[in-house]
Amino acid sequence: MPPGPHLETTLAQANHYLDPATGAIVPPVQPSTTYARDERYELIGPYSYARSHAPGHDALERLAAELDGGTDAQAFSSGLAAVAAVLETLDPGDHVVAPRIMYHGAQDWMRRVAAKRGIGLSLFDSARPEALREVLRPGETSLVWIETPINPTWDIIDIESAAAAAHEAGAFIVVDSTVAPPVTTRALDHGADLVFHSATKYLNGHSDVVAGLLVTRDVEERWEEIKLVRTLMGGVLGAFEAWLLLRGMRTLAIRFERASASALRVARHLEGHPGLESVLYPGLSSHPGHHVAKKQMRNGFGGMLSICVNGDFAATQAVANRARVFVRATSLGGVESLIEHRTVVEGAHSHVPENLLRLSIGIEHVEDLIADLDQALGDVP
Ligand code: PLP
């Protein structure tokens, strides 16, 4: 059998859309919330009501499933709506395992579910590879949630060994692959059961859509429940957002490649800077997760890195305030570069050091980014 097209080709052509009536190569936005029935009250087409299904979702979900090598996908109105749908499938008495440092919003949901629904939650230290196995409870742990690279320390978790450990314990494993989209990591290929993306980030890439995606390896009972939860909870993506996301995804490969190349140059430039305690980037050979990252990130280490300033809270904030090209804002994966004093954003449960600045590298000229950081760090001793 001839090999299928590369992901870059699939993305650029977004499932080879061709409207037979007009020849249009771009799908239309279909905003209808409801779909007509005939005299026998049979649906005229495959759609009934947009809270459960709509044409824009179908095109997007087919593409998402293909990119991650899954059998099915679901699009949600935000990344967190998708996280909530997964957590909604848990029963009282279930046990969940997740990293101690991870995207704080998803962990906030886990803490909430644990407090309200009698679900156990154990957090492990992602900097120690053996820590995940230590908190697993065979026969009791039902969900292992990992993120790699981990936001905002960019620790790397070995998906293959995490999946093996989860499955041995009888749990299913979800990988938050927001920072490593399928052009670089396909978590299902490494043993994950479900892949999660905050599509708000790299997949859309233009900081103008909030969206979430789940892609499954198998269509089994839990997946059917997730689909039902989306319909009942109403966390479905709007028609225009689905259309925008599909458009954004067409340039994912080239945006990610550029951001990765620039981030590596920025990280190498800053490593050893006297104003910095450390530079955290999995593409650096000094990064403890570099070896595993090379194994599971086949096409660049991404545009996310963090710098820890040689100074206190105020000195760190002063560096962010001096940035002129980097925009002071949260989020990541957009075409514009962002700088964020992460501890301020994460709130009460944050374990992030107060001297950490998170950088999301965009697609600007890399020399402008380097010059901006050099001048912003200029006054730090
Ligand atoms: N996971 C990661 C790694 C994220 O960075 C984010 C958002 O910042 C989310 C999940 C949540 O996604 P959303 O903001 O689309 O709800």
Side-chain angles (χ1 to χ4, degrees), residues 60 64 68 73-88 98-113 126 143 145-157 159 173-182 184-185 187 192 194-215 230 233-238 241-242 244-245 248-249 256 259 263 280 282 297 301-306 327 329-334 336 338-347 349-352 356 358-362:
L60 177 63
D68 262 313
Q74 285 276 284
F76 290 82
S77 54
S78 70
L80 274 187
V83 173
V86 174
L87 298 180
E88 186 59 31
R100 188 172 58 91
I101 294 186
M102 60 182 279
Y103 171 63
H104 68 108
Q107 196 182 84
D108 286 349
W109 253 117
M110 290 173 192
R111 289 175 187 276
R112 182 180 161 83
V113 167
S126 52
L143 167 63
W145 183 284
I146 63 167
E147 187 181 313
T148 185
I150 289 204
N151 187 0
T153 56
W154 320 115
D155 284 344
I156 298 291
I157 296 181
I159 302 170
I173 178 164
V174 183
V175 177
D176 180 342
S177 211
T178 298
V179 173
T184 200
T185 299
L194 219 59
V195 183
F196 160 78
H197 299 282
S198 165
T200 314
K201 316 299 181 193
Y202 282 110
L203 295 182
N204 180 59
H206 293 76
S207 309
D208 52 11
V209 172
V210 175
L213 279 168
L214 288 173
V215 183
R230 189 187 75 167
M233 218 164 53
V236 73
L237 194 61
E241 285 74 14
L244 268 179
L245 176 53
M249 284 168 74
F256 189 78
L280 310 175
M297 299 179 84
F301 301 98
M304 296 307 299
L305 66 137
S306 295
V327 180
T330 193
S331 203
L332 61 95
E336 63 287 293
L338 305 178
I339 188 165
E340 180 183 45
H341 194 184
R342 192 66 192 163
T343 189
V344 175
V345 174
E346 289 205 358
H349 297 297
S350 180
H351 293 283
V352 172
L356 182 145
R358 190 179 85 168
L359 306 179
S360 173
I361 303 296

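Read the numbers this way: they start at 1 and go in the same order the structure lists the ligands and their atoms.
Ligand 1 has an N or O atom lying under 3.5 Å from an N or O atom of Leu80, backbone or side chain. At a 3.5 angstrom cut-off on N or O pairs, Glu147 does not count as close to ligand 1. Inclusion of Gly79 in the set of residues having an N or O under 3.5 Å from an N or O of ligand 1 is warranted.
In this structure, CZ in Arg230 is found 9.5 Å from CG in Leu214, a value given to the nearest 0.5 Å. Rounded to the nearest 0.5 angstrom, His104 NE2 and Met110 CE are separated by 13.0 Å.
Between Phe256 and Tyr202, the ring-plane angle classifies as perpendicular under the 30° and 60° cut-offs.
Only the side chain of Thr200 comes within 4.0 Å of ligand 1, judged by heavy-atom distances. Using a 4.0 Å cut-off between heavy atoms, Leu332 contacts ligand 1 through its side chain alone, with no backbone atom that close. In Thr330, neither the side chain nor the backbone holds a heavy atom less than 4.0 Å from any atom of ligand 1. If you look at Met102 next to ligand 1, there are no close heavy atoms at all, none under 4.0 Å. Of the heavy atoms in Ala211, only backbone atoms (N, CA, C, O) come closer than 4.0 Å to ligand 1.
Interface atoms of ligand 1 facing Phe196, defined by a heavy-atom separation under 4.0 Å, are 1 (N), 10 (C). Residue Lys201 has at least one heavy-atom neighbour below 4.0 Å for each of these atoms of ligand 1: 5 (O), 6 (C), 7 (C), 8 (O). Within ligand 1, counting atoms from 1 as listed, the ones closer than 4.0 Å to a heavy atom of Asn151 are 3 (C), 5 (O). Those atoms of ligand 1 with a heavy atom of Asp176 less than 4.0 angstrom away are 1 (N), 2 (C), 3 (C), 10 (C). Close approach of ligand 1 to Ser78 is summarised as follows: ligand atoms under 4.0 Å from at least one heavy atom of the residue are 16 (O).
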Stepwise side-chain contact (heavy atoms from CB on, under 4.5 Å) check, Arg358 with Leu332 | CA-CA 9 Å; Arg358 190 179 85 168; Leu332 61 95; 3.8 Å; yes
Run the side-chain contact (heavy atoms from CB on, under 4.5 Å) check on Arg100 and Ser126 step by step: do they pass?
-> CA-CA 7 Å; Arg100 188 172 58 91; Ser126 52; over 6 Å; no
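Protein heavy atom in closest approach to atom 12 (O) of ligand 1: Ser198 OG, 3.0 Å. The protein atom (non-hydrogen) at minimum distance from atom 11 (C) of ligand 1 is Tyr103 CE2, 3.4 Å.
Using a 4.0 Å heavy-atom cutoff, Val179 is absent from the residues neighbouring ligand 1.
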